[in-house]
Peer 1: 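Below: one structure in structure tokens.
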Amino acid sequence: MSNSIQTIIILYASQSGTSEYLSNQLYENLKSKLSSLTIKCDSIENFEQYLSQSYLQHPTLYLFVISTSLEGSPPSSMSDFSDYTSTQKAISVFTSPNFEYSIFGNGNSNYEDTYQQASRQFKELLKSKFNRNPLIECREGDQSEGNVEVECEEWETDIINYFKSLE
Ligand SMILES: Cc1cc2nc3c(=O)[nH]c(=O)nc-3n(C[C@H](O)[C@H](O)[C@H](O)COP(=O)(O)O)c2cc1C
């Protein structure tokens with residue numbers, strides 16, 4: 001299934017703009033390097049528009065870019081999505097054979113106990129509850145290591161290489 005992906009949807013959860021910025025850069029770069037695909041980029045607030053059966057009639061790759069915020073919580077823009085993950089609708093989306101995903105986590109390891117908590121919780125949910133593995137290896141950027149942009153660029157390279165390898 002996954003080799004016929006025609007659509008990539010980037011959904012970002014950002015509190016103060018870093019993940020939004022990374023997502024917009026990713027969007028521009030993927031559009032120019034994977035020009036035959038349909039690519040969209042939006043805040044995770046608008047998830048319902050994209051996690052829909054109309055998109056999932058065909059294999060679709062969802063790229064989640066998720067920051068961890070205060071005390072390990074997800075950004076406020078992700079709260080409706082977090083509620084949604086325990087609904088019946090979400091079960092049909094996350095178990096759809098056309099749902100493919102990867103996750104980029106954005107955090108700061110100075111917050112030792114809650115480092116990357118928001119992205120890791122979502123990753124764990126997809127694995128343990130829905131038995132789904134990422135199509136492309138998930139990556140994380142650590143602000144305290146100053147490697148957020150580099151890691152995100154590596155992730156972008158992995159994504160591009162995946163599609164180029166199918167050509
Ligand atoms: C008030 C505050 C609390 C934070 N708490 C955490 C945390 O618990 N765990 C973590 O990994 N990063 C934490 N961070 C780091 C953010 O994830 C990091 O700054 C990220 O780049 C913010 O992304 P955003 O601009 O997309 O919201 C925190 C940052 C701030 C400003």
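Just so we're clear, the structure is a prediction, and the values are computed from it rather than from any experiment. Count residues from 1 along the sequence. Because only heavy atoms are used, hydrogens play no part in the values below, and waters and symmetry mates are left out as well, while side chains stay in. For ligands, and for the atoms within them, numbers begin at 1 and follow the listed sequence.
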Peer 1: Can you report which non-hydrogen protein atom sits closest to atom 5 (N) of ligand 1, along with the distance?
Peer 2: Ser69 O, 3.1 Å
Peer 1: Checking side-chain polar atoms at under 3.5 Å, does Thr18 have a donor or acceptor matched by the opposite partner on Asn106?
Peer 2: no
Peer 1: Among Ile66, Thr114, Asn106, which residue places a heavy atom closest to atom 21 (O) of ligand 1?
Peer 2: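 Residue with the shortest heavy-atom distance to the ligand atom: Asn106.
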Peer 1: Evaluating non-hydrogen atoms only, which member of Leu22, Leu70, Thr68, Asn108 is closest to atom 16 (C) of ligand 1?
Peer 2: Thr68
Peer 1: Take atom CG in Asn131; do more than 12 heavy atoms of anything else shown fall under 6.0 Å from it?
Peer 2: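 At most 12 heavy atoms, drawn from other residues, nucleotides or ligands, come within 6.0 Å of this atom.
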Peer 1: Report yes if the side chains of Leu166 and Ile5 come closer than 4.5 Å at any heavy-atom pair, otherwise no.
Peer 2: no
Peer 1: List ligand 1 atoms under 4.0 Å from Ser19, heavy atoms only on the residue side.
Peer 2: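 The list of qualifying atoms is 26 (O).
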Peer 1: Answer yes or no: is there a side-chain heavy-atom contact under 4.5 Å between Leu30 and Glu156?
Peer 2: yes
Peer 1: Purely on distance, is any nitrogen or oxygen of Gln116 under 3.5 Å from one on ligand 1?
Peer 2: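 There is such a contact, yes.
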Peer 1: So between Ser16, Ser14, Ser109, whose heavy atom ends up nearest atom 25 (O) of ligand 1?
Peer 2: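 Result: the heavy atom closest to atom 25 (O) of ligand 1 is in Ser16.
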Peer 1: With atoms numbered from 1 as shown, which atoms in ligand 1 lie under 4.0 angstrom from a non-hydrogen atom of Gly72?
Peer 2: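 Those qualifying, in numeric order: 8 (O).
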Peer 1: Quick one: does ligand 1 sit under 4.0 Å from the side chain of Gln143, the backbone, both or neither, non-hydrogen atoms only?
Peer 2: side chain
Peer 1: Counting C-beta onward and ignoring hydrogens, is there a side-chain heavy-atom pair between Asn108 and Asp142 closer than 4.5 Å?
Peer 2: yes
Peer 1: Looking only at protein heavy atoms, which one is nearest to atom 4 (C) of ligand 1, and what is the separation?
Peer 2: Tyr111 CZ, 3.3 Å
Peer 1: Would you say the side chain of Leu26 lies within less than 4.5 Å of the side chain of Phe104, judging by non-hydrogen atoms?
Peer 2: no
Peer 1: Going by the atom numbers of ligand 1, which of them fall below 4.0 Å from some non-hydrogen atom of Gln15?
Peer 2: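 Counting atoms of ligand 1 from 1, those under 4.0 Å from Gln15 are 24 (P), 26 (O), 27 (O).
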Peer 1: Below 3.5 Å, N or O to N or O, backbone or side chain included: is there any such pair between Ser67 and ligand 1?
Peer 2: yes
Peer 1: Counting only nitrogen or oxygen atoms and a 3.5 angstrom limit, does Gly17 reach ligand 1?
Peer 2: yes
Peer 1: Is any side-chain N of the basic residue among Glu124 and Lys127 closer than 4.0 Å to the acidic one's carboxylate O?
Peer 2: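 Salt bridge absent between Glu124 and Lys127.
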Peer 1: Are Phe94 and Phe99, when compared by the centres of their aromatic rings, separated by less than 6.0 Å?
Peer 2: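 Yes, close enough.
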